[in-house]
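Read the structure below first, then the notes.
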Amino acid sequence: MSSMHPVQVIAVTGGKGGVGKTNVSVNLCMALADLGRRVMLMDADLGLANVDVLLGLRPKKTLADVISGEAELRDVLLQGPGGVRIVPAASGTQSMVSLSPMEHAGLIQAFSDISENVDVLVVDTAAGIGDSVVSFVRAAQEVLLVVCDEPTSITDAYALIKLLNRDYGIMRFRVLANMVHSPQEGRNLFAKLTKVTDRFLDVALQYVGAVPYDEVVRKAVQKQKAVYEAFPRSKAALAFKALAQKVDAWPLPANPRGHLEFFVERLVQAPAGSTL
């Protein structure tokens, strides 16, 4: 495989906090690594890092050191479980919450230096619809929107879709229902969301499935482990395995879209029509 292959970049987002974005990001990464993919996970909640906490990792350097120029991106990489490499963010650092567009651009471009060993980059965004969320979602090729069965989750997911669609022309969103009590509940959640998007927006939403509510997820969090690793036969872990198989079949990006993207030089240099 050529080192110049395109990298699949997936932004995991949701608008509302507490819908389980980080859990989804971490477990999806582990399930993709199990499929033989070289996976990197970026904690893009720049001021309130939580990927390292969830996995019991203790970073010596973080993205704050990259922004300040004190470290290269490859210097902050952590080896996570299952061979997943983690890009840790800072915790409790106010300046990281309000980066300038230039600083966001610098971070996104910094990934180009390490792309030779990456098949998939998963970007775990912050909650809300702030500048950093928008920057990182726009720089990804796929948007995985995590929703759960709370009215505020649907409202906030719609607000995020509306902003990204109307202001930035993003048309396609993949939707994952998290912590559902039945497969039907997941489909109902998706139906609620499409009811409003179909009426007011010109977007394509695709339902990619549901992760069931599972008590062992909380137990895994207390152990500071991914549920995929701690309880591999659990309902939640099996759902992440199924999700990873779907994600693995998504088409790779073929062409740059004319704005700032992760690993954009891989697209410019990839031969036209080339596939992996």
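Classification of the His104-Phe136 ring pair by plane angle, with boundaries at 30° and 60°, yields perpendicular.
Side-chain contact between Gln141 and Glu261 is present, with at least one heavy-atom pair separated by less than 4.5 Å. Counting heavy atoms from C-beta on, the side chains of Trp250 and Arg174 come closer than 4.5 Å. Leu176 places a side-chain heavy atom less than 4.5 Å from the side chain of Val24. Between Met96 and Ile67 the shortest side-chain heavy-atom distance falls below 4.5 Å. A 4.5 Å side-chain heavy-atom check between Met42 and Phe111 finds at least one atom pair inside the cut-off. Counting heavy atoms from C-beta outward, Lys223 and Phe231 have side chains that approach closer than 4.5 Å. The shortest distance between side-chain heavy atoms of Asp119 and His5 falls below 4.5 Å. Residues Met30 and Asp34 fail the side-chain proximity criterion, which asks for heavy atoms closer than 4.5 Å.
No option in Val87, Asp113, Asp65 other than Val87 meets the side chain to side chain contact (heavy atoms under 4.5 Å, CB included) test with Leu73. Put simply, the residue from Asn50, Thr13, Ile86, Asn23 that forms a side chain to side chain contact (heavy atoms under 4.5 Å, CB included) with Asp124 is Asn50.
Glu185 contributes no side-chain N or O that, together with a main-chain N or O of Ser182, makes up a donor-acceptor pair within less than 3.5 Å. Remark: side-chain polar atoms of Lys21 are paired, donor with acceptor, to backbone N or O of Lys16 under 3.5 angstrom. Judged purely by atom type and a 3.5 angstrom limit, Asn27 uses its side chain to pair as donor or acceptor with the backbone of Val227. Judged purely by atom type and a 3.5 angstrom limit, Asp198 has no side-chain atom pairing as donor or acceptor with the backbone of Lys195. Judged by distance alone, with hydrogens and angles left aside, the side-chain atoms of Ser153 form a donor-acceptor pair with the main-chain N or O of Cys148 at under 3.5 Å. Asp52 contributes no side-chain N or O that, together with a main-chain N or O of Pro88, makes up a donor-acceptor pair within less than 3.5 Å.
Counting non-hydrogen atoms of other residues, nucleotides and ligands closer than 6.0 Å to CG of Asp131 gives a total of 12 or fewer. The environment of Gln224 atom CD is dense: over 12 non-hydrogen atoms of other residues, nucleotides or ligands sit within 6.0 angstrom. Within a 6.0 Å radius of CG in Asn117, other residues, nucleotides and ligands contribute more than 12 heavy atoms.
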From CA spacing to verdict: side-chain contact (heavy atoms from CB on, under 4.5 Å), Val51, Val26: CA-CA 7 Å; Val51 168; Val26 166; 4.2 Å; yes
Kindly indicate, with the supporting measurements, whether the criterion side-chain contact (heavy atoms from CB on, under 4.5 Å) is fulfilled by Val9 and Phe263. CA-CA 9 Å; Val9 185; Phe263 308 118; 3.7 Å; yes
Would Thr62 and Val76 satisfy side-chain contact (heavy atoms from CB on, under 4.5 Å), going step by step from the backbone distance to the final call? CA-CA 6 Å; Thr62 70; Val76 309; 5.8 Å; no
Could you check Asp248 against Arg37 for salt bridge (charged side-chain N to carboxylate O under 4.0 Å, His left out), going step by step and ending with a plain yes or no? CA-CA 9 Å; Asp248 199 42; Arg37 295 286 169 251; 2.7 Å; yes
Show the numbers, then the answer: is there a side-chain contact (heavy atoms from CB on, under 4.5 Å) between Arg38 and Val118? CA-CA 5 Å; Arg38 296 171 298 178; Val118 186; 5.6 Å; no
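For Ile108 against Ser135, the heavy-atom pair with the smallest separation is CD1-O, 4.0 Å. Shown here for Met179 and Gly18, the closest heavy-atom pair between the two residues is CE-O, 3.8 Å. Between Pro81 and Glu229, the shortest heavy-atom distance links the atoms CB-OE1, 3.7 Å. Contact record, Ala71 with Lys61: CB-CD, 3.8 Å, taken as the closest heavy-atom pair. Taking each heavy atom of Ala220 and Ala230 in turn, the nearest pair found is CB-CB, 4.2 Å. Annotation for Asp45 and Ala126: closest pair OD1-CB, 3.6 Å, computed over non-hydrogen atoms.
Hydrophobic clustering places Phe262 together with Leu63 (ILVMFWY residues linked when any side-chain heavy atoms are closer than 4.5 Å, directly or through intermediates). Tracing side-chain contacts under 4.5 Å through hydrophobic residues (I, L, V, M, F, W, Y), one never reaches Val147 starting from Leu28; they form parts of separate clusters. Cluster membership for Val217 and Leu238, using ILVMFWY side-chain heavy atoms within less than 4.5 angstrom, is not shared. Side-chain heavy atoms closer than 4.5 Å link hydrophobic residues (I, L, V, M, F, W, Y) into clusters, and following such links, possibly through other members, connects Leu54 to Val84. Clustering ILVMFWY residues whenever any of their side-chain heavy atoms sit less than 4.5 angstrom apart, transitively, puts Val143 in the very cluster that holds Val196.
Atom CD1 in Ile129 sits 12.0 Å away from atom CD1 in Ile161 (nearest 0.5 Å). The OG atom of Ser132 sits 10.0 Å away from atom CG of Leu107, with the distance rounded to the nearest 0.5 Å. In this structure, CG on Asn178 lies 11.5 Å from CG on Leu145, to the nearest 0.5 angstrom. Rounded to the nearest 0.5 Å, atoms CD1 (Ile154) and OG1 (Thr152) are 9.5 Å apart. Taking CZ of Phe173 as the reference point, atom CG of Leu193 lies at 10.0 Å (rounded to 0.5 Å). Going from atom CG of Leu35 over to atom CD of Gln245 covers 6.0 Å, rounded to the nearest 0.5 Å.
The side-chain hydrogen bond (donor to acceptor under 3.5 Å, both in side chains) pairs that include a residue from residues 155-172 are Glu142-Arg172, where partners are two or more places apart or lie in different chains.
Side chains of Asp149 and His181: a donor-acceptor N/O pair is absent below 3.5 angstrom, by distance only. Side-chain contact, Ser68 with Glu70: a donor N or O sits under 3.5 Å from an acceptor N or O.
Under the 6.0 Å cut-off for aromatic ring centres, Phe240 and Tyr228 do not qualify, their centroids lying 6.0 Å or more apart.
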